[in-house]
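Everything below concerns the one structure shown next.
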There are 2 protein chains.
Amino acid sequence: MMNINQATDYAFRAVLYLARQTRGRVVDAQTISKAEVIPMRFLLKIMPSLIKKGIVGSQRGAKGGYFLAEDPEDITFLDVVEAIEGPVKLNRCLIDPSYCSKDGAPECLVHRTLAGIQEKLVTELAGHNFGELVRK
Amino acid sequence: MMNINQATDYAFRAVLYLARQTRGRVVDAQTISKAEVIPMRFLLKIMPSLIKKGIVGSQRGAKGGYFLAEDPEDITFLDVVEAIEGPVKLNRCLIDPSYCSKDGAPECLVHRTLAGIQEKLVTELAGHNFGELVRK
DNA sequence: ATCGAACTACACTTAAAAGGTATACTTTAA
DNA sequence: TTAAAGTATACCTTTTAAGTGTAGTTCGAT
């Protein structure tokens, strides 16, 4: 069914929430959790992935929280997907040919076609950023 | 990670195999299984889904097997994906809003954006057919 | 200094889906 | 009438998804 997972869906919404704040504002997890209806502990678990990717930053301790680390215009849907799920791959074979039961046969037209479709998908994901969403 | 599943991958290859035969030729499961390196019992399990969609036909009994029920030009990647996995949906919310923790709020820009991306993906999948692959 | 608010790390649990296998049955050409 | 071949259904095992628990660490405020 080809879907993004729940964690990514939550991440999109958390990033959009932060993108809507005045630049640099620090918001604590509970506030985001309530506003975006994301289970608190789950949010706390996925934020580090966004941090590692450089999308958000965090401040620990009292009055701590999260803030956007980049300009919303520079954060694409692809960035968030990759932060949470790793590289997009329509088919395992496209990343690791050892998964292919035809063993990465270069003549596999199915996989070559999927590779082309995947490229279009990646381009499309990279074509939407959070600045665009904030302005809507 | 957004991928199609193994069953769909096998289905692509089975359909391509049949598309490469002279039109209407009946090929039994074991032959397809061996040629395309697809576990026999698994292939037998997924073929009925292709039949229900009208992509392939079957003949039971001795000398039975499967054959392509349509012109390869008329069978798209989307057809096969939908036969095996059902409708493409990047996010559960896009099919069933009750899954959305924000409960299908029409103002959910994330989901609206994903809907647009999904549409592009569907178009792309529908843009590749098996006649094209056979000619390559 | 220290207390508590807030993030971090990591392990655990539960449920669902993926992937595959087994058994029994039906159809049909020879 | 029999063996070859697809069909139906149910089962099993492994992996992934989604979420929770526990024990930290950091740091602002007092």
Side-chain angles (χ1 to χ4, degrees), chain A residues 1-14 18 25-34 36-52 55-67 69 81 84-86 89-93 95-96 99-101, chain B residues 1-14 18 25-34 36-53 55-67 69 81 84-86 89-93 96 99-101:
Chain A
M1 309 171 181
M2 253 166 153
N3 44 236
I4 59 169
N5 62 32
Q6 195 59 39
T8 306
D9 188 48
Y10 290 153
F12 281 139
R13 280 150 52 186
L18 291 173
R25 174 156 174 221
V26 174
V27 184
D28 69 287
Q30 189 159 34
T31 302
I32 300 172
S33 162
K34 283 187 176 151
E36 296 298 326
V37 197
I38 301 169
M40 171 78 167
R41 309 299 322 290
F42 202 75
L43 178 64
L44 287 169
K45 183 156 108 177
I46 68 186
M47 292 310 278
S49 304
L50 295 173
I51 294 170
K52 274 193 205 95
I55 296 170
V56 313
S58 68
Q59 185 176 330
R60 298 175 62 164
K63 304 275 173 186
Y66 302 99
F67 54 91
V81 168
I84 306 294
E85 310 192 26
K89 47 181 189 303
L90 280 190
N91 189 307
R92 296 181 297 185
C93 300
I95 289 274
D96 182 350
Y99 272 116
C100 187
S101 73
Chain B
M1 308 169 179
M2 250 161 155
N3 44 235
I4 59 169
N5 61 32
Q6 194 61 35
T8 305
D9 189 48
Y10 289 152
F12 282 139
R13 280 150 50 188
L18 290 174
R25 175 158 174 219
V26 173
V27 184
D28 69 286
Q30 188 158 35
T31 303
I32 301 171
S33 162
K34 282 186 177 151
E36 296 298 325
V37 197
I38 299 170
M40 168 78 167
R41 309 303 321 288
F42 201 76
L43 177 65
L44 285 171
K45 184 157 105 175
I46 67 186
M47 293 308 279
S49 304
L50 295 173
I51 293 170
K52 274 192 204 96
K53 253 269 175 172
I55 295 169
V56 313
S58 67
Q59 185 175 330
R60 299 176 63 164
K63 304 276 176 183
Y66 302 99
F67 53 92
V81 168
I84 307 294
E85 310 192 27
K89 47 181 189 301
L90 281 190
N91 188 307
R92 295 182 296 184
C93 297
D96 182 351
Y99 272 116
C100 186
S101 73

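Numbers restart at 1 for each chain; the letters A, B, ... are given by sequence-line order, proteins then strands.
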How many Å lie between CZ on F42(A) and C1' on dT13(C), as a whole number? 14 Å
Of all the nucleotides listed (dG6(D), dT23(C), dT8(C)), which has the minimum atom distance to the side chain of Y66(B)? dG6(D)
Among dA5(D), dA6(C), dG21(D), the one nearest D28(B) by side-chain distance: dA5(D)
Mind checking the CG-OH spacing from N5(A) to Y10(A)? Nearest 0.5 Å is all I need. 10.5 Å
Might you point out which heavy atoms bring I32(A) and V27(A) nearest each other, and give the distance in Å? CG1-CG1, 3.7 Å
Just the rounded figure in Å: distance from C1' of dA17(D) to CG of N3(B). 13 Å
What is the distance, to the nearest angstrom, from the CZ atom on R41(B) to the C1' atom on dT13(D)? 16 Å
Pairing residues for F67(A) by the ring-ring contact (aromatic ring centres under 6.0 Å, His included) criterion, not counting sequence neighbours: none
In this structure, how many angstroms lie between the P atom of dG20(C) and the CD1 atom of I38(B), rounded? 11 Å
Nearest to the side chain of K63(B), which nucleotide is it out of dA29(C), dA18(C), dG21(D)? dA29(C)
Selection from dG20(C), dT7(D), dA4(D) that lies nearest to any side-chain heavy atom of P39(B): dG20(C)
Distance-only donor-acceptor test, R60(B) side-chain atoms vs dT28(C) base atoms, 3.5 Å: no
CD of E85(B) versus P of dA17(C): gap in Å, rounded? 13 Å
Which residue lies toward the 5' end of DNA chain D, G61(B) or K45(A), if each is placed at its nearest nucleotide? G61(B)
Whole-Å distance, M40(B) CE to dT21(C) C1', equals 13 Å
Nearest whole Å is fine: how far is dT16(D) P from I84(A) CD1? 17 Å
Backbone N or O of I38(B) within a donor-acceptor pair of the S33(B) side chain at under 3.5 Å? yes
Name the closest nucleotide to the N5(A) side chain, picking from dT22(D), dG19(C), dA17(D). dA17(D)
With Y66(B), which residues qualify under ring-ring contact (aromatic ring centres under 6.0 Å, His included), at least two apart? none
With the side chain defined as heavy atoms from C-beta on, Q59(B) is closest, among dA29(C), dG28(D), dG19(D), to dA29(C)
Sugar-phosphate, base or nothing in reach of G64(B), heavy atoms under 4.0 Å: sugar-phosphate
Does dA6(C) have OP1 or OP2 sitting under 4.0 Å from an N or O in the side chain of S58(A)? no
Separation of dA24(C) P from L44(B) CG (nearest whole Å): 17 Å
Among dA18(C), dC27(D), dA18(D), which is the nearest nucleotide to the side chain of A62(A)? dC27(D)
Under-4.0 Å side-chain N/O to phosphate OP1/OP2 contact, Y10(B) with dG19(C): no
Applying a 4.0 Å non-hydrogen cut-off, can you work out what I51(A) is touching in the nucleic acid: base, sugar-phosphate, or nothing? sugar-phosphate
Between CD1 of I55(A) and CG of L50(A), what distance do you get to the nearest 0.5 Å? 5.0 Å
